[in-house]
Amino acid sequence: MDNFIFHIPTKAYFGKGQIKNLGKAIKANGGAKVLLGYGGGSIKKNGIFAQIVDQLNAEGINYVEFKGIQPNPHIESVEQGMTLYHEEACDFILAVGGGSVIDTCKAVSIGVVYDGPVLDLLLGKEVPKQAAPLGSVLTMAGTGSEMDQAAVISVGKQHKKKALIHEKLFPRFSILDPEYTFTVPEYHSMAGCADILCHLMEQYFAPECGADVQDGMNEGLMRVVLERTPQILENPRDYNARASIMWASSMALTGFHLRLGKPTANSRLHMIGHELSSMYDMTHGVTLALLTPAWMRQTISKAPEYLPLFARFARNVMNIREANDAIAAKTGIEKLSQFYKRIGMPTNLSEAGVRENDLKIIANRAVENGQLGCLYAIGKNEVLSILQDAY
């Protein structure tokens, strides 16, 4: 296992009624006027907005609304938030929503304290030196953005997704109340669960390096997602199921940092998924559900030396009782595909509306910044093969 440094500066307020800590948490981080970012307005219909305003008013904290943040957020939304932050003399940013809202507000937080265009930071031309203080109230589990150091923003005419990863992007705190996810539409809830599962798998499928603790914890989290997701499908207000999924979302990328001490996977599926989202405005978790089984099949074919790893996944996560590694791995992949179908994910790219003529374009764009993967090298031909398998 490789050396690593572990540090999570985000304070998590987890459970029912934790919104009561919001005002004091903002004031503890120097907030007097808040830029309150959110999406399409569902938080006003389900009562979350009113609860937040009550807490701000109780502490004498002013706020200005930064509304209408779209899924797969664009840089224009970031620039809009930055302008509003400066015009209204805000000193704190509160993101209320899921990954898209939180990512946008993270980008705003570094953009408002940078002298040049925020695009410089997103393109890696400059490194963030500081950030305006930011907190989050999570209303949809999936991306893990509520407790991680990353933001993904679309830029340019092709809506190319750019991922910025830096310690300045950690929220100061996050309010994690599972009841706030009760009213998330079924399709988006299930897509979020698919996203969590892929985060875990991307960190799990790496060359053996003796990271037994990380792998064991990862397997446990994956089993929780597989067990609890159908329970949410059956009863969207199942508190324990929602709580388990919400915490699994945070743990998948942050709390235990299951990737630490392991070779990085270079976001193999995420980079391909980002291109599908860019071209078709497809929900991110849906793209990962479409791609994951195809990537697994291709990996076993291209790098058969890793067959035991996939057999271990089948036995320890998918509960496959088969002694033969090849049969176990194949059966585990098929059972994973059945899981995705059970929770309402499209079964193939064609069903999801992807045009076959676009597959080569997607493959080329996915590897613009270099090859992907850590079990075997994934160039444009390999990406195309994965896409064709998933089609």
Give a yes or no on whether a salt bridge exists between [X] and [Y], defined as a side-chain N under 4.0 angstrom from a carboxylate O.
X	Y	answer
K341	E351	no
D325	R315	yes
K129	D115	no

Heavy-atom side-chain contact between [X] and [Y] under 4.5 Å:
X	Y	value
T143	H284	no
M140	S100	no
L384	I362	no
T139	N46	no
I61	F92	no
V354	L290	no
I232	I343	no
E87	V64	no

Whether [X] side chain and [Y] backbone form a donor-acceptor pair below 3.5 Å:
X	Y	value
N324	A326	yes
S174	E146	yes
E208	G210	yes
S301	R297	no
T181	P178	yes
H166	K168	yes
Q18	F14	yes
T10	P171	yes

First locate atom [atom1] of [X], then atom [atom2] of [Y], and finally report the distance between them rounded to the nearest 0.5 Å.
X	Y	atom1	atom2	result
I245	Q231	CD1	CD	9.0 Å
Y306	R312	OH	CZ	14.5 Å
L221	R228	CG	CZ	13.0 Å
Q388	K360	CD	NZ	8.0 Å
Y63	I52	OH	CD1	10.0 Å
E275	K160	CD	NZ	3.5 Å

Which pairs would a plain distance check flag for residues 330-339, meaning a side-chain donor or acceptor within less than 3.5 Å of a matching protein atom at least two apart in sequence or in another chain?
unit_1 : atom_1 : unit_2 : atom_2 : d
T331   : OG1    : I327   : O      : 2.7
E334   : OE2    : Q338   : NE2    : 3.4
K335   : NZ     : M318   : O      : 2.7
S337   : OG     : I333   : O      : 3.3

Take atom [atom1] in [X]; do more than 12 heavy atoms of anything else shown fall under 6.0 Å from it?
X	atom1	value
K11	NZ	no
E305	CD	yes
K33	NZ	yes
R223	CZ	yes

Stepwise side chain to side chain contact (heavy atoms under 4.5 Å, CB included) test for I26 and E59: CA-CA 9 Å; I26 292 174; E59 294 294 332; over 6 Å; no
Determine the minimum heavy-atom distance between [X] and [Y], stating which atoms define it.
X	Y	answer
Y340	M201	OH-CE, 3.4 Å
V383	A366	CG1-CB, 4.2 Å
E322	A328	CG-N, 3.6 Å
G379	V367	C-CG1, 3.9 Å
L307	A329	CD1-CB, 3.6 Å
L121	P128	CD2-N, 3.9 Å

Do the side-chain N and O atoms of [X] and [Y] include a donor-acceptor pair separated by under 3.5 angstrom?
X	Y	value
N72	S154	no
Y239	E179	no
Q203	N218	no
S189	R242	yes
S145	K106	yes

Working for side chain to side chain contact (heavy atoms under 4.5 Å, CB included), residues H270 and H199: CA-CA 9 Å; H270 274 65; H199 288 157; 3.0 Å; yes
Chi angles and distances behind the side chain to side chain contact (heavy atoms under 4.5 Å, CB included) call for I110, L164: CA-CA 11 Å; I110 57 171; L164 177 62; 3.1 Å; yes
Indicate, with yes or no, if [Y] and [X] share a hydrophobic cluster defined by side-chain heavy-atom contacts under 4.5 Å among Ile, Leu, Val, Met, Phe, Trp and Tyr.
X	Y	value
L35	L94	no
V34	Y85	no
L123	I165	no
I386	F313	yes
L22	Y180	yes

Under the ring pair (Phe, Tyr, Trp, His ring centres under 6.0 Å) test, residues paired with Y391 that sit two or more places apart: none
Counterpart residues, ring pair (Phe, Tyr, Trp, His ring centres under 6.0 Å), relative to F49 (two or more places apart): Y38
Close aromatic pair by centroid cut-off 6.0 Å: W295 and F310: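 Yes, ring centres under 6.0 Å apart.
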Step-by-step side chain to side chain contact (heavy atoms under 4.5 Å, CB included) determination, L359 to L349: CA-CA 10 Å; L359 298 186; L349 291 173; 4.2 Å; yes
